[in-house]
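Residue numbers start at 1 and run along the sequence shown.
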Amino acid sequence: MAQKPQTPKKQSGVRQEQSGVRHRDGAVQSPDASITAVSQGRIGNWALLGGLTLLTLLVVFLDASTGNDLRVVPLLVVVPALASVYCSLRQTIWVAVWITTVVVGFRAGADGTFWDFVFGIGFAVLACALGVAACAARIRHATEMARLRSAAVTLQRQILRPLPVVTDHVFAYGLYEPIEEDRFVGGDIYEVVESPYGTRVIIGDVQGKGLAAIGAGFAAIAAFREAAIREPTLTGVVQALEDAVVRHNEFSAQTGEAERFVTALVLGFDGSGRVEAVNCGHLPPRLLHDGRTSAVTLHRTSVPLGLAGLSPEARTTESFDFPPDATLLVVTDGVTEARDATGAFYPLDERVAAWAGHGPRELLDALHVDLEEFSGGIRRDDVAALALHRAPAATV
């Protein structure tokens with residue numbers, strides 16, 4: 001039997017991860033922290049001091065061993081350039097001062113003309129200054145990129161409702177992992193709305209990536225939140241979504257943006273033992289019950305949202321059983337199209353079969369950990385998944 005899920009507070013239950021971004025190592029880092037992290041060095045102060053001391057002693061020893069035939073100490077001027085790649089700005093300045101002091105001391109005690117001394121010191125100062133400038137430029141660029149990534153991810157976090165959510169009909173637990181690379185910010189969407197006609201749920205994926213995809217996703221989410229409460233039928237809700245995506249595409253065409261479609265699965269829970277569904281080109285759900293898993297067969301899959309004008313068939317509703325203590329798992333293609341090092345796709349059905357006895361929260365935790373291990377932490381798309389469990393009040 002499936003484990004009984006822990007009951008979160010109704011509507012206001014918010015997982016703490018939602019205030020930040022979950023990274024590949026499972027840690028949660030806020031946008032401000034991710035921006036601050038880029039200015040921090042990758043080498044500790046004591047490790048830097050120890051390494052710099054050993055390097056200086058080694059170079060001075062080599063220089064003393066070679067005599068006037070080969071001067072090695074001036075080569076230390078490349079150290080600030082190396083430090084600019086791995087160290088913070090403060091550490092790089094400290095390294096530059098150290099190297100300048102060593103080179104000046106070496107030049108002051110070495111034989112040579114006045115101009116040898118001037119040019120040697122001038123070259124060392126210039127090289128160290130360039131190293132510091134390179135470090136400052138690297139940190140400035142990394143900070144700007146981190147700020148852009150954080151803005152995009154924060155925007156997407158604000159569009160989507162924090163989970164878990166409990167209604168009179170279902171417990172809705174969720175997993176959402178936005179990709180953070182700039183060109184891979186995607187448009188996965190989900191929402192859970194309690195209405196006079198039951199609980200309506202949507203999970204979807206906007207075509208393409210980037211901020212434009214987030215805009216199309218927001219248009220669909222906004223329309224769903226309104227239509228889910230207003231429309232008495234699930235097909236009416238989907239028609240409102242279709243109209244919203246079409247209007248968004250018309251606006252996008254006027255501003256030079258590409259038109260986009262949205263694959264979506266819209267579900268309706270009314271407290272009975274059946275679930276209504278309208279599938280708009282999305283992946284079918286998986287049902288976990290009594291230690292077994294099965295893919296729910298939906299025979300009336302229609303075109304994605306935004307493409308209804310290309311199909312002569314109207315979207316229709318179909319229904320399937322949702323037994324007590326069952327869990328319904330719905331995912332986006334960021335899960336099924338995840339790849340391992342050999343390029344093989346993630347075997348969702350095979351893995352879910354091993355977790356058939358898990359509760360909804362444990363199911364998503366297992367999915368998250370396994371997905372990270374399978375892909376090696378390398379994601380090419382957003383990952384979204386909902387685990388829907390019948391609320392006790394809805395059990396008949």
Problem set entry | Point-to-point distance, once rounded to the nearest 0.5 Å, from CG of Asp340 to CD1 of Ile378 | 10.5 Å
Exercise. Is Thr199 close to Asp168 at the side-chain level, that is, under 4.5 Å between some pair of heavy atoms?
Worked result: no
Exercise. Taking the side chain as C-beta and beyond, is there a heavy-atom pair between Phe322 and Val296 under 4.5 Å?
Worked result: no
Problem set entry | Salt bridge Arg274-Asp321, side-chain N to carboxylate O under 4.0 Å | yes
Seminar exercise, completed: d(Tyr197 OH, Leu234 CG) to nearest 0.5 Å is 12.5 Å
Problem set entry | Steps toward side chain to side chain contact (heavy atoms under 4.5 Å, CB included) verdict (Cys87, Leu48) | CA-CA 9 Å; Cys87 298; Leu48 179 63; 4.1 Å; yes
Exercise. Could you state the interatomic distance from CG (Leu386) to OG1 (Thr327), rounded to the nearest 0.5 Å?
Worked result: 12.5 Å
Problem set entry | Check: Ala81 main-chain N/O paired with Ser84 side-chain donor or acceptor under 3.5 Å | yes
For this session: Would you give the length of the straight line joining atom CZ of Arg286 to atom CZ of Arg351, rounded to the nearest 0.5 angstrom?
Result: 14.0 Å
Problem set entry | Heavy-atom pair with the smallest gap, counting every atom of Glu259 and Ala253 | OE2-CB, 4.0 Å
Problem set entry | Heavy atoms of other groups near Phe218 CZ, more than 12 under 6.0 Å | no
For this session: Could you tell me whether a side-chain N or O of Ser319 sits under 3.5 Å from a main-chain N or O of Val275, the two making a donor and an acceptor?
Result: no
For this session: Looking only at non-hydrogen atoms, find the nearest pair between Ile229 and Glu194 and report the distance.
Result: CG1-O, 4.3 Å
Exercise. Under 4.5 Å between any side-chain heavy atoms of Asp205 and Ile189, yes or no?
Worked result: no
Exercise. Does the side chain of Leu328 reach to within under 4.5 Å of the side chain of Phe320, using non-hydrogen atoms?
Worked result: yes
For this session: Indicate yes or no: at least one non-hydrogen side-chain atom of Leu55 is less than 4.5 angstrom from one of Val79.
Result: yes
For this session: Please answer whether the main-chain N or O of Ala326 pairs with a side-chain N or O of His389 as donor and acceptor at a distance below 3.5 Å.
Result: yes
For this session: Give a yes or no on whether Leu371 and Phe345 share a hydrophobic cluster (residues Ile, Leu, Val, Met, Phe, Trp, Tyr; joining criterion: side-chain heavy atoms under 4.5 Å apart).
Result: no
For this session: With the side chain counted from C-beta on, respond yes when Ile99 and Pro80 share a heavy-atom pair under 4.5 Å apart, and no when they do not.
Result: yes
Exercise. Judged by atom type as modelled, is there a donor-acceptor pair below 3.5 Å linking the side chain of Ser311 to the main-chain atoms of Leu307?
Worked result: no
Exercise. So, does Asp333 use its side chain to make a donor-acceptor pair with the main chain of Thr336 at under 3.5 Å?
Worked result: no
Problem set entry | ILVMFWY cluster, Leu287 and Ile203 together (side-chain gap under 4.5 Å) | yes
Exercise. Can you find a heavy atom in the side chain of Asn45 that is under 4.5 Å from one in the side chain of Gln91?
Worked result: yes
Problem set entry | Separation of Thr100 OG1 from Leu76 CG (nearest 0.5 Å) | 10.5 Å
For this session: Start with the C-alpha gap between Trp98 and Thr56, add the side-chain angles, then the distance that decides, and say whether side-chain hydrogen bond (donor to acceptor under 3.5 Å, both in side chains) holds.
Result: CA-CA 10 Å; Trp98 176 294; Thr56 302; 3.0 Å; yes
Problem set entry | Other residues, nucleotides, ligands: >12 heavy atoms within 6.0 Å of Arg230 CZ | yes
For this session: Would you indicate whether the side-chain heavy atoms of Val104 and Thr101 approach each other to under 4.5 Å?
Result: no
Exercise. Between atom CD1 of Ile202 and atom NE2 of His282, what is the distance when rounded to the nearest 0.5 Å?
Worked result: 9.0 Å
Exercise. If you take all heavy atoms of Ala96 and Val132, which pair is closest and at what distance?
Worked result: CB-CG2, 3.8 Å
Exercise. Would you say Glu177's side chain and Asp382's backbone share a donor-acceptor pair under 3.5 angstrom?
Worked result: no
Exercise. Hey, any chance Leu75 and Leu52 share a hydrophobic cluster, counting ILVMFWY side chains that come within less than 4.5 Å of each other, even indirectly?
Worked result: yes
For this session: Please work out which of the three classes, parallel, tilted or perpendicular, describes the rings of Phe171 and Tyr173, given edges at 30° and 60°.
Result: perpendicular
Exercise. Are Arg200 and Glu191 within salt-bridge range, i.e. N to O under 4.0 Å?
Worked result: no
For this session: Heavy atoms only: give me the nearest Ala387-Leu363 pair and the separation to one decimal.
Result: CB-CD2, 4.4 Å
For this session: Could you tell me whether the side chain of Asp270 and the main chain of Ser272 form a donor-acceptor pair under 3.5 Å?
Result: yes
For this session: Consider only side-chain heavy atoms of I, L, V, M, F, W and Y, link residues closer than 4.5 Å, and tell whether Phe261 and Leu310 are in one cluster.
Result: yes
Problem set entry | Main-chain N/O of Gln207 paired to Arg260 side chain as donor or acceptor, under 3.5 Å | yes
For this session: Take Ser302 and Arg315 through the test side-chain hydrogen bond (donor to acceptor under 3.5 Å, both in side chains) and record every step on the way to the result.
Result: CA-CA 6 Å; Ser302 59; Arg315 294 188 175 98; 3.3 Å; yes
Problem set entry | Heavy-atom closest contact (Ala385 atom, Leu364 atom, distance) | CB-CD2, 4.0 Å
Problem set entry | Short side-chain to backbone donor-acceptor contact, His358 and Val352, under 3.5 Å | no
Exercise. Where does the angle between the aromatic ring planes of Phe374 and Tyr346 fall among parallel (under 30°), tilted (30 to 60°) and perpendicular (over 60°)?
Worked result: perpendicular
For this session: Verify the cluster assignment for Val102 and Leu126: are they in a single hydrophobic cluster under the rule of side-chain heavy atoms below 4.5 Å apart?
Result: no
